[in-house]
Amino acid sequence: MHIDLSAFTGACPCGHEHPIVVKDIVIESGAIRSLPEKVKPWDAPCIVCDENTFTAAGKAVSALLPEADVVCVSPQGLHADEHGVAAVREKLPETADVLLAVGSGTIHDISRFLAHEKEIPFISVPTAASVDGFVSTVAAMTWQGCKKTMPAVAPLYVVADSDIFSAAPQRLNASGFGDLLGKYTALADWKISKAVTGEYYCDRVAGLMSRAVEDVRAAVDEIAAGGRDGCEKLMYGLLLSGLAMQMVGNSRPASGAEHHVSHLWEMGVLAPPPDALHGEKVGIGLALCAEQYHAFAAALRSGTLRPGPRPDTRAEIERYFPDAGMRELILEENVPDPLDDVTAEKALGARDEILAAIDEIPSAEELRALLRKAGGVAEPGEIGVREDIVPLTLRISPYVRRRLTLMRLRKVFENI
Ligand SMILES: [Zn+2]
Ligand SMILES: [Zn+2]
């Protein structure tokens with residue numbers, strides 16, 4: 001099956017063109033057999049993979065493209081950071097004119113970053129339905145210890161072979177499911193920010209994302225079973241989510257307060273980073289945030305919210321981010337402060353829109369049940385995050401990004 005990209009392009013009522021870079025997205029059994037045709041225009045293709053993804057798919061891709069070089073790195077301690085980039089860069093032939101990212105999230109982020117650096121295109125060959133970043137235009141990376149969105153390129157093609165990705169461990173599928181469920185709070189944050197600050201928002205993109213989430217949620221039993229159909233549905237939803245990001249040129253439709261929780265843990269600010277997959281942290285962060293969002297909605301409905309002095313951003317960051325280098329980067333990230341023009345009165349003026357946005361998020365219990373049903377984790381303790389750092393996580397995670405979320409907005413109220 002090909003995703004019909006023409007359905008998403010053309011003039012949009014929001015006023016944007018929504019350029020889509022990717023030329024074709026194919027999700028089906030045997031999809032990699034289309035690679036020789038796709039790679040034909042280039043002289044020096046190079047496959048980028050790690051030892052695990054080489055076994056899972058790189059070997060088969062290499063057999064189809066005997067002229068391609070293969071850069072295979074150790075998966076041990078491989079992350080989308082300056083070290084991971086350096087490990088691949090030093091093996092990359094100077095002449096490479098197209099990269100094939102054969103792997104999951106980390107291999108993709110490293111490849112898209114290097115493709116951007118070398119100004120060459122890249123082709124995505126996902127080996128697991130584990131994240132939504134395959135078609136994204138930006139790379140989510142850790143740079144000098146800080147989570148950053150780095151300039152990168154979107155793939156020219158996505159060749160998702162279900163013979164390959166449906167054979168991935170179920171834990172990876174459950175992680176992809178968690179990443180996608182995270183769109184519930186991400187979308188609510190986007191809608192709330194639009195209502196309170198007038199931030200750019202597109203109904204078509206948000207609608208596309210909502211459909212992706214609902215379709216994947218409805219397929220939870222098939223995803224839990226780990227068969228080809230369930231995995232294809234999950235991959236389809238993840239790729240739609242990536243397209244939504246590509247359409248607006250940033251991660252706003254796909255990343256909100258739940259991702260900020262995950263980023264804060266990855267940065268190791270309050271405790272050493274948990275050894276867990278991206279979507280596991282996002283899913284757990286989602287349930288924690290959903291609890292807070294529904295409590296906020298209840299307080300808003302009952303009229304018990306009182307405007308309060310909002311905490312001083314600079315003082316909070318200086319107090320809670322002990323590492324000097326990271327602190328500087330976070331301080332920079334918070335200029336201008338997303339709350340600069342926001343007051344409690346303004347937020348209360350958007351009461352109905354805020355409530356409508358929160359009402360679309362399932363309860364924390366429902367979300368945890370869904371995560372478990374898919375075979376995933378749902379509580380901080382399951383990935384080694386101590387319960388006692390949860391309150392501080394919720395308090396300071398909004399500072400990791402200059403992006404208005406409800407977690408950030410609620411700081412203009414008392415006792416929240
Ligand atoms: Zn639009
Ligand atoms: Zn994500």
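Keep in mind that the numbers below use all heavy atoms, side chains included, and drop hydrogens, waters and symmetry copies.
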TODO: State whether Arg217 and Glu366 are salt-bridged, where the test is any N-O pair (Lys NZ or Arg NE/NH1/NH2 against Asp/Glu carboxylate O) under 4.0 Å.
DONE: yes

Task: Residue pairs, two or more places apart or on separate chains, that pass salt bridge (Lys or Arg N to Asp or Glu O under 4.0 Å) and touch residues 125-137 - done: Asp132-Lys183

Open item on the list: Looking only at side-chain N and O atoms, does Ser210 offer a donor or acceptor that is under 3.5 Å from a partner on Glu214?
Closed with: no

Task: His294 side chain to Ile361 backbone, donor-acceptor under 3.5 Å - done: yes

Open item on the list: Whether the Ser130 and Arg171 side chains hold a donor-acceptor pair (N or O, under 3.5 Å, no angle test) is what I'd like checked.
Closed with: no

Open item on the list: For Lys23, is the NZ atom crowded, meaning more than 12 foreign heavy atoms sit under 6.0 Å from it?
Closed with: no

- [ ] Give the minimum heavy-atom separation between Leu239 and Val135, together with the two atoms involved.
- [x] O-CG2, 3.4 Å

- [ ] Give a yes or no on whether a salt bridge exists between Lys38 and Asp24, defined as a side-chain N under 4.0 angstrom from a carboxylate O.
- [x] yes

Open item on the list: Please determine whether a side-chain nitrogen of the Lys or Arg among Lys40 and Glu37 lies less than 4.0 Å from a carboxylate oxygen of the Asp or Glu.
Closed with: yes

- [ ] Give a yes-or-no answer on whether the side chains of Asp189 and Tyr184 include a donor-acceptor pair shorter than 3.5 Å.
- [x] no

TODO: Look at the aromatic rings of His278 and His259 and report parallel, tilted or perpendicular, splitting at 30° and 60°.
DONE: tilted

TODO: Mind listing the closest non-hydrogen atom pair of Cys46 and Ala96 along with its distance?
DONE: CB-CB, 4.0 Å

Open item on the list: For Leu5 and Thr9: C-alpha separation, side-chain torsions, deciding distance, then whether side-chain contact (heavy atoms from CB on, under 4.5 Å) applies.
Closed with: CA-CA 7 Å; Leu5 298 170; Thr9 48; 5.6 Å; no

Task: Where Ala374 and Gln170 come nearest, the two heavy atoms and their spacing - done: O-NE2, 3.1 Å

Task: Side chain to side chain, Tyr200 and Val248, heavy atoms closer than 4.5 Å - done: yes

Open item on the list: Side chains of Ile223 and Val216, heavy atoms from C-beta outward: is any pair under 4.5 Å?
Closed with: yes

- [ ] Could you tell me if the ring centre of Tyr320 sits under 6.0 Å from that of Tyr399?
- [x] no

- [ ] Determine the interplanar angle of the Trp143 and Phe113 rings, folded into 0 to 90°, and report it as parallel if under 30°, tilted if 30 to 60°, perpendicular if over 60°.
- [x] tilted

TODO: Using a strict 4.0 Å threshold on nitrogen-to-oxygen distance, state whether Asp312 and Arg314 make a salt bridge.
DONE: no

Open item on the list: Working note: Leu339 + Thr313, criterion side-chain contact (heavy atoms from CB on, under 4.5 Å); need CA distance, chi angles, decisive distance, verdict.
Closed with: CA-CA 9 Å; Leu339 288 179; Thr313 300; 5.7 Å; no

Open item on the list: Within this structure, what is the CD1-CG distance for the pair Ile123 and Leu156, rounded to the nearest 0.5 Å?
Closed with: 6.5 Å

Task: Leu100 vs Val39 side-chain heavy atoms within contact, under 4.5 Å - done: yes

Task: Short side-chain to backbone donor-acceptor contact, Ser166 and Ser162, under 3.5 Å - done: yes

Open item on the list: Is it true that, when you exclude Asp275 itself, more than 12 heavy atoms of the residues, nucleotides or ligands shown sit nearer than 6.0 Å to its CG?
Closed with: no

- [ ] Starting from the C-alpha separation in whole Å, work towards a yes-or-no answer on salt bridge (charged side-chain N to carboxylate O under 4.0 Å, His left out) for Lys191 and Asp203.
- [x] CA-CA 10 Å; Lys191 289 174 185 172; Asp203 248 334; over 6 Å; no

TODO: Please step through side-chain contact (heavy atoms from CB on, under 4.5 Å) for the pair Thr127 and Val102, ending with a clear verdict.
DONE: CA-CA 7 Å; Thr127 53; Val102 178; 4.0 Å; yes

Task: Main-chain N/O of Gly182 paired with Thr185 side-chain donor or acceptor, under 3.5 Å - done: yes

Open item on the list: On a heavy-atom basis, which atom in Leu78 and which in Gly84 lie closest, and how many Å separate them?
Closed with: CD1-CA, 3.9 Å

TODO: Please examine the side chains of Leu329 and Glu332, heavy atoms only from C-beta on, and report whether any two atoms are closer than 4.5 Å.
DONE: yes

Open item on the list: Check Arg368 with Glu382, please: is the shortest side-chain N to carboxylate O separation under 4.0 Å?
Closed with: no

Open item on the list: Please check if the number of heavy atoms outside Lys118 that lie under 6.0 Å from its NZ is greater than 12.
Closed with: yes

- [ ] Measure across Ser124 and Phe134 and return the closest heavy-atom pair with its distance rounded to 0.1 Å.
- [x] OG-CB, 4.0 Å

Open item on the list: Can you tell whether the side chains of Lys233 and Asp215 come within less than 4.0 Å, N to carboxylate O?
Closed with: no

Task: Atom CG of Asp341 with >12 non-hydrogen neighbours under 6.0 angstrom - done: no

Task: Polar side-chain atom of Lys91 near backbone of Cys72 as donor-acceptor pair, under 3.5 Å - done: yes

Task: Spacing of Glu280 atom CD and Ser262 atom OG [to the nearest 0.5 Å] - done: 10.5 Å

TODO: Return yes if some donor-acceptor pair links the side-chain N/O of Ser397 with the main-chain N/O of Thr393 below 3.5 Å, else return no.
DONE: yes

- [ ] Measure the shortest side-chain to side-chain distance between Glu17 and Cys12 over non-hydrogen atoms and say whether it is less than 4.5 angstrom.
- [x] no

Task: Lys194 atom NZ, neighbour heavy-atom count above 12 within 6.0 Å - done: no

Task: Electrostatic pair Lys281:Glu266 at N-O distance under 4.0 angstrom - done: yes

TODO: Give the minimum heavy-atom separation between Val131 and Gly105, together with the two atoms involved.
DONE: CG2-CA, 3.7 Å

- [ ] Give a yes or no on whether the backbone of Phe413 and the side-chain of Arg310 come within a donor-acceptor separation of less than 3.5 Å.
- [x] no

Task: Main-chain N/O of Thr142 paired to Asp81 side chain as donor or acceptor, under 3.5 Å - done: no

- [ ] Quick one: do Met407 and His260 satisfy side-chain contact (heavy atoms from CB on, under 4.5 Å)? Show the steps, please.
- [x] CA-CA 10 Å; Met407 295 300 285; His260 300 168; over 6 Å; no

Task: Check: Ala154 main-chain N/O paired with Arg112 side-chain donor or acceptor under 3.5 Å - done: no

TODO: May I ask you to test the Tyr236-Met1 pair for a side-chain heavy-atom distance under 4.5 Å?
DONE: yes

- [ ] Please tell me if the side chains of Ile317 and Asn334 come closer than 4.5 Å, counting only heavy atoms from C-beta onward.
- [x] yes

Task: Between CD1 on residue Ile110 and CG on residue Leu99, distance to nearest 0.5 Å - done: 11.5 Å

Task: Short N-O contact, Glu232 and Arg228, less than 4.0 angstrom - done: no

- [ ] Taking the side chain as every heavy atom from C-beta outward, state whether Val48 and Phe122 have any atom pair closer than 4.5 Å.
- [x] no

Open item on the list: Between Glu258 and Gly256 (side chain of the first, backbone of the second, donor and acceptor by atom type, cut-off under 3.5 Å), is there such a pair?
Closed with: yes

Open item on the list: Main chain of Arg395, side chain of Lys411: is a donor-acceptor contact present, judged purely on distance under 3.5 Å?
Closed with: yes

